[in-house]
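Just so we're clear, the structure is a prediction, and the values are computed from it rather than from any experiment.
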Amino acid sequence: MIKLKTKENQGMRWSALSLPLSVLLLSFLLFKFFHLKSQSPPSTPRLFTPEELALYNGSDPNLPILLGIIGSVFDVTKGKSHYGAGGGYNHFAGRDASRAFVSGNFTGDGLTDSLRDLSSTEVKSIVDWRDFYFRTYTFVGKLVGRYYDSDGNPTKYLKGAEAKAARGAQLLEKQKIEEAKIPSCNSRWSQDEGSEVWCDDGYPRLVQRPVEIAITGKMSKRCACFKKDELDQQGLEVYEGCDYFASKCKL
């Protein structure tokens, strides 16, 4: 009886000790859960105002790093070395700077979501960047403003941008088909030799890219290879300093 009573007493003492320990453990776990939750981006897509998005610019180590592109918001925290404070892409964090993805202007008015006056292929490039973020990072919400209204519905600007991007894709495909009809020149550059172009079959000529004006609003030229009986076509330009029947030209 004495031994039994002793074991009972020991069990009671352990129970008394284990109760506060379990409470402490539970408190610790709850603290960790809510602490981590406060540092995590929303688990389901939400709506951000520009002021809210600006809080996630990488300056606060306790907050995730977010960026917007054409109104879609992504968590880019795993790329902290690039998007965090001091990173090469930090100018994109905490804002929608869609235009800068093609303009290369990372200061002042260049960090804007306006795509005004951009060509269809430039807008396509920005839409391609948005698709890259969908594939690579976590989509967390939408930015209320130019591309989404206060209910999270697409605006006419988003629909217009996507339509323009689709037009850009069509033009690029058309250009690709047209240029495939006439082979492009080979080209190379070295510090010692400079640049040169050549044709394995035919003669190098500069020729206008007719679709380019629809793509960029400007006319550009490319190097293409033409056979001897094709050299009398209008619009073909011999490289300066290059012989008329030379198959290789130094630039």
Side-chain angles (χ1 to χ4, degrees), residues 69-70 79 81-82 87-92 97-112 114-133 135-136 161-251:
I69 178 168
I70 324 180
S81 59
H82 302 295
Y89 302 141
N90 179 246
H91 38 258
F92 289 118
S98 297
R99 190 183 190 89
F101 279 90
V102 296
S103 71
N105 183 356
F106 305 131
T107 60
D109 293 340
L111 295 171
T112 176
S114 172
L115 308 184
R116 185 178 180 181
D117 298 329
L118 292 182
S119 69
S120 57
T121 52
E122 287 173 322
V123 175
K124 177 188 177 300
S125 180
I126 295 172
V127 170
D128 289 344
W129 272 109
R130 183 190 62 179
D131 295 343
F132 162 80
Y133 282 99
R135 294 192 306 269
T136 311
E162 291 180 334
K164 195 170 187 178
R167 173 62 175 161
Q170 292 173 349
L171 288 170
L172 287 173
E173 184 61 25
K174 182 178 180 181
Q175 178 173 272
K176 182 179 177 180
I177 292 171
E178 289 296 319
E179 294 187 358
K181 297 175 183 177
I182 306 174
S184 295
C185 304
N186 302 300
S187 64
R188 64 185 166 211
W189 176 89
S190 70
Q191 189 169 5
D192 295 329
E193 300 291 332
S195 298
E196 65 178 355
V197 294
W198 75 96
C199 295
D200 295 325
D201 182 18
Y203 306 93
R205 291 291 187 271
L206 276 170
V207 60
Q208 290 184 337
R209 308 174 81 175
V211 182
E212 188 73 11
I213 195 164
I215 293 176
T216 65
K218 301 176 182 178
M219 182 67 79
S220 65
K221 299 178 181 180
R222 72 180 182 102
C223 183
C225 296
F226 292 86
K227 294 181 180 180
K228 192 172 184 178
D229 60 357
E230 298 173 325
L231 296 179
D232 59 351
Q233 296 180 48
Q234 290 186 347
L236 303 189
E237 182 180 339
V238 180
Y239 278 96
E240 185 177 353
C242 190
D243 186 76
Y244 189 85
F245 288 115
S247 61
K248 181 182 293 185
C249 297
K250 294 279 188 180
L251 307 184

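- Atom CG of D229 sits in a crowded spot, with more than 12 heavy atoms from other residues, nucleotides or ligands closer than 6.0 Å.
- Counting only distance, with no hydrogens or angles, the side chain of S125 and the backbone of T121 share no donor-acceptor pair below 3.5 Å.
- Crowding of Y239 atom OH: a count of heavy atoms from other residues, nucleotides or ligands under 6.0 Å exceeding 12.
- Side chains of L171 and K176 form no contact here, defined as non-hydrogen atoms less than 4.5 Å apart.
- The CG atom of D128 sits 9.5 Å away from the CD1 atom of I69 when rounded to the nearest 0.5 Å.
- Counting non-hydrogen atoms of neighbouring residues, nucleotides and ligands closer than 6.0 angstrom, the CH2 atom of W129 reaches no more than 12 such neighbours.
- Here Q208 contributes atom CD and R222 contributes atom CZ; the two are 12.0 Å apart, rounded to the nearest 0.5 Å.
- The salt bridge (charged side-chain N to carboxylate O under 4.0 Å, His left out) test applied to R135 returns no partner, not counting sequence neighbours.
- Using a 3.5 Å distance cut-off with no hydrogens or angles, the side chains of S114 and T112 do not pair a donor with an acceptor.
- Scanning both residues, V123 and A161, for their nearest heavy atoms gives CG1-O, 3.3 Å.
- To the nearest 0.5 angstrom, I126 atom CD1 is 12.5 Å from E162 atom CD.
- Sorted by first and then second residue, the pairs that involve residues 182-192 and meet salt bridge (Lys or Arg N to Asp or Glu O under 4.0 Å), not counting sequence neighbours, are R188-E196.
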Applying side chain to side chain contact (heavy atoms under 4.5 Å, CB included) to R205 and E237, what does each step give before you reach the verdict? CA-CA 5 Å; R205 291 291 187 271; E237 182 180 339; over 6 Å; no
Report, one line per pair, each donor and acceptor closer than 3.5 Å where one atom sits in a side chain of residues 241-251; sequence neighbours left out.
residue, atom, partner, partner atom, Å
D243, OD2, F245, N, 3.1
K250, NZ, E193, OE1, 3.2

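- Closest heavy-atom contact between K124 and G168: CD-C, 4.1 Å.
- Of the two cysteines examined, C199 and C185, the SG atoms fail the criterion of being under 2.5 Å apart.
- In this structure, H91 and Y89 have perpendicular ring planes: the angle between them is above 60°, well past the 30° mark.
- The shortest non-hydrogen separation linking E230 to L236 is O-CD1, 3.5 Å.
- To the nearest 0.5 angstrom, K227 atom NZ is 5.0 Å from D201 atom CG.
- Contact of the V207 side chain with the I182 side chain is not registered, since no non-hydrogen atoms from C-beta on lie closer than 4.5 Å.
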Should R99 and E122 be marked as a salt bridge (charged side-chain N to carboxylate O under 4.0 Å, His left out) after you check the CA-CA gap, both sets of side-chain angles, and the distance that decides it? CA-CA 9 Å; R99 190 183 190 89; E122 287 173 322; over 6 Å; no
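- Put simply, CG on N90 and CZ on F106 are 12.0 Å apart, with the number rounded to the nearest 0.5 Å.
- Atom CZ of R167 is separated from atom OG of S119 by 12.0 Å, given to the nearest 0.5 angstrom.
- Here the side chains of S98 and L115 are in contact, with some heavy-atom distance below 4.5 Å.
- Minimum interatomic distance between S184 and C225 (heavy atoms only, all atoms of both residues): O-SG, 3.9 Å.
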